[in-house]
*Asks:* 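Dropping a structure here in structure tokens format, bear with me for questions.
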Amino acid sequence: MAGKARENHREDVAGRANVEDTPELLAYYNELERLEAGALWTVANKIEPWQPKSSSVPVLWRYEDLRAHVLRSVELVSPEKAGRRVIYLNNPGRREHAAAVGWLYSGLQVMHPGEVASAHAHSASALRFIMEGEGAYTIVDGHKMTLGANDFVLTPNGTWHEHGVSSDGTPCIWQDGLDIPLVNALEANFYVVHPDLQQRVGYPVNDMTHSWGNPGLRPAGAEWSRGYSPLLKYEWGPTYEALQRYAKATEGSPYDGLLMNYVNPVTGGPVMQTIGASMQMLRPGESTQAHRHTGSFIYQVAKGRGHSIIDGKRFDWKERDIFCVPSWAWHEHANASASEDACLFTFNDLPVMHSLGLYREEAFGDNGGRQPLVS
């Protein structure tokens, strides 16, 4: 072990580890290593940082750059061979985990009319946000849901789920979002293929939307005790209408504009235990102030165009572009149009942050709440 470089993260600050290497200590560390052990003071400042240090970096994935490659995958692989025909988003700082940001995975899935992906179940929680096409559907534990652009559907952990496009539909692309990296980090991921490859539809089509999707109303006598929302599909039309109505009642948040969370109608909490989702609207010409918080976010532009500044770097976006905000990164958003609103869909790991008591938020206090741009 002679000549081996050793970690020793020292800080000349009271209360922090600051032990200088000596020949005797280096020999001691070698002895500990042979016992699969180590001295905490050599790594304490690394593993207990002053504040979160995300290995993720802000990324903007332009839909116009990815779309042709997503469609080309149809020519190259079948759903039967691929399992799911998906182009995943790979954050440069999280390549080892196939994560788009933090412990969240995302990808773009494509299916052609008449195609069906086999049913499976897994420990990871998942969602789909429809980007383009007609005729898409998802089946979750026997509940079939038809899907249109900007609709958002859940395929929660442990549920049988499959996707397809009706034979009279058009090519469909949607964004997948899962907590696969988190579940793998917890070493708790299971995966099983349905024994019949497809599941039987056991309920009227869109029954969960008809039953649970009525604002302020709950089906009499209905019982639901699972950890995810019974409203498996959240439609774009009612969501956008709700944002427009909300705009008549409030100025919104200085950091998020008009923000509404998708919720479990039984609990009022997040749609799933590990993944939350929301839709926000920026009014014409609106620009928000910067803030930061724990929790990782993946955004998709559902409507409009504008830009976001993330840790001092500007990212210009338009409809269907996707970008990420790492945990504890400063961020602010702006609508580029003086006449049309802009809407951003996002999914995140905030339910985990809140459940574990790890959520913190901070406003950018200088420069009127606006970040200076960095080159």
Side-chain angles (χ1 to χ4, degrees), residues 104 109 117 119-130 136-164 174-180 182-183 188 190-192 194 198-243 245-246 259-279 300 302 345-355:
L104 294 172
Q109 183 167 174
H120 63 212
H122 41 65
S123 303
S125 298
L127 60 86
R128 320 278 178 235
F129 189 82
I130 310 305
Y137 64 86
T138 288
I139 305 172
V140 178
D141 280 348
H143 299 275
K144 182 175 181 178
M145 293 152 284
T146 56
L147 301 165
N150 286 354
D151 285 352
F152 157 50
V153 64
L154 309 180
T155 55
N157 68 311
T159 60
W160 292 115
H161 57 279
E162 62 190 88
H163 317 290
W174 56 80
Q175 180 183 12
D176 294 329
L178 296 95
D179 60 0
I180 291 173
L182 172 65
V183 178
F190 292 88
Y191 185 101
V192 59
H194 195 284
Q198 318 295 159
Q199 59 183 305
R200 184 179 65 86
V201 176
Y203 307 89
V205 175
N206 292 321
D207 70 304
M208 299 302 264
T209 301
H210 297 324
S211 298
W212 294 95
N214 305 296
L217 297 169
R218 175 174 175 166
E223 298 295 331
W224 188 263
S225 59
R226 300 182 185 181
Y228 54 85
S229 170
L231 181 56
L232 298 170
K233 178 177 72 167
Y234 295 77
E235 297 177 339
W236 166 242
T239 300
Y240 185 51
E241 180 184 358
L243 284 166
R245 293 173 60 192
Y246 188 39
L259 176 70
M260 301 193 85
N261 294 321
Y262 294 98
V263 299
N264 180 333
V266 177
T267 65
V271 292
M272 293 185 286
Q273 291 166 299
T274 55
I275 301 179
S278 62
M279 184 73 75
Q300 184 186 138
F345 168 80
T346 183
F347 68 94
N348 56 65
D349 58 6
L350 285 187
V352 178
M353 296 295 114
H354 288 300
S355 294

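Quick note: numbers below take in every heavy atom, side chains included, and nothing from hydrogens, waters or symmetry partners.
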*Asks:* Mind checking ring-ring contact (aromatic ring centres under 6.0 Å, His included) for Tyr191 and listing every partner two or more places apart, or none if nothing turns up?
*Replies:* His120
*Asks:* With distance as the sole test, does Asp179 use its side chain to make a donor-acceptor pair with the main-chain N or O of Ser125 at under 3.5 Å?
*Replies:*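 Present.
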*Asks:* Return each pair, listed once, that meets side chain to side chain donor-acceptor pair (under 3.5 Å) where at least one residue sits in residues 206-215; pairs must be two or more places apart or across chains.
*Replies:*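 As it turns out, the side chain to side chain donor-acceptor pair (under 3.5 Å) pairs with a partner in residues 206-215, which skip direct neighbours, are His143-Asp207, Thr146-Asn206, Asn206-Lys233.
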*Asks:* Contact between Leu232 and Pro156 at the side-chain level, heavy atoms closer than 4.5 Å - yes or no?
*Replies:* yes
*Asks:* Tell me whether the rings of His122 and His161 are parallel (<30°), tilted (30 to 60°) or perpendicular (>60°).
*Replies:*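 Perpendicular, since the angle between the ring planes exceeds 60°.
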*Asks:* With heavy-atom distances below 4.5 Å as the criterion, would you say the side chains of Met279 and Tyr234 are in contact?
*Replies:* no
*Asks:* If you take all heavy atoms of Leu178 and Ala124, which pair is closest and at what distance?
*Replies:*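 Smallest interatomic distance, heavy atoms only, reads CD2-CB, 4.4 Å.
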*Asks:* With distance as the sole test, does Gln109 use its side chain to make a donor-acceptor pair with the main-chain N or O of Asp176 at under 3.5 Å?
*Replies:*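 Such a contact is absent between Gln109 side chain and Asp176 backbone.
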*Asks:* Roughly how far, to the nearest 0.5 Å, is OG1 of Thr274 from CG of Leu350?
*Replies:* 11.5 Å
*Asks:* What are the two closest heavy atoms between Gln273 and Pro351, and how far apart are they?
*Replies:* O-CB, 3.3 Å
*Asks:* Given 3.5 Å as the limit, does a donor-acceptor pair link the side chain of Gln199 with the main chain of Gly142, or not?
*Replies:*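 Side chain of Gln199 to backbone of Gly142: a pair is present.
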*Asks:* So among Asn264, Asp141, Val266, which one has a side chain to side chain contact (heavy atoms under 4.5 Å, CB included) with Arg226?
*Replies:* Asp141
*Asks:* Within the distance-only criterion (no hydrogens, no angle test), does the side chain of Asn261 pair as donor or acceptor with the backbone N or O of Ser278 below 3.5 angstrom?
*Replies:* no
*Asks:* Can you see which heavy atom on Trp236 is nearest to which on Ala149, and at what distance?
*Replies:* CB-O, 3.7 Å
*Asks:* Going by heavy atoms in the side chains, are Leu182 and Asp349 under 4.5 Å from each other?
*Replies:* no
*Asks:* Can you check side chain to side chain contact (heavy atoms under 4.5 Å, CB included) on Phe190 and Val183, steps first, answer last?
*Replies:* CA-CA 9 Å; Phe190 292 88; Val183 178; over 6 Å; no
*Asks:* Atom CG of Leu154 and atom CD1 of Ile275: how far apart are they, to the nearest 0.5 Å?
*Replies:* 9.0 Å
*Asks:* Please lay out, stage by stage, how Thr155 and Thr138 fare under the test side chain to side chain contact (heavy atoms under 4.5 Å, CB included).
*Replies:* CA-CA 8 Å; Thr155 55; Thr138 288; 3.8 Å; yes
*Asks:* Ignoring hydrogens and geometry, is there a side-chain-to-backbone donor-acceptor pair from Thr159 to Val140 under 3.5 Å?
*Replies:* no
*Asks:* Between atom CH2 of Trp174 and atom CD1 of Ile130, what is the distance when rounded to the nearest 0.5 Å?
*Replies:* 6.0 Å
*Asks:* Would you give the length of the straight line joining atom OG1 of Thr239 to atom CG of Asp151, rounded to the nearest 0.5 angstrom?
*Replies:* 8.0 Å
*Asks:* Output, in order, the C-alpha distance, side-chain angles, deciding distance and verdict of side chain to side chain contact (heavy atoms under 4.5 Å, CB included) for Phe152 and Leu127.
*Replies:* CA-CA 7 Å; Phe152 157 50; Leu127 60 86; 3.6 Å; yes
*Asks:* With sequence neighbours excluded, tell me which residues meet ring-ring contact (aromatic ring centres under 6.0 Å, His included) with Tyr228.
*Replies:* Trp224
*Asks:* Could you check whether Ser229 and Tyr262, counting side-chain N and O atoms only, form a donor-acceptor pair closer than 3.5 Å?
*Replies:* no
*Asks:* To the nearest 0.5 Å, what is the distance between CE on Met208 and CE on Met145?
*Replies:*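 It comes to 8.0 Å.
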*Asks:* Can you confirm whether Ile139 sits close enough to Tyr137 that some side-chain heavy atom of one is under 4.5 Å from a side-chain heavy atom of the other?
*Replies:* yes
*Asks:* State the CD-CG distance between Gln300 and Asn150, to the nearest 0.5 angstrom.
*Replies:*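 Rounded to the nearest 0.5 Å, the CD-CG separation comes out at 7.0 Å.
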*Asks:* If every non-hydrogen atom of Ser123 is compared with every non-hydrogen atom of Ala188, which pair is closest and at what distance?
*Replies:* OG-O, 3.2 Å
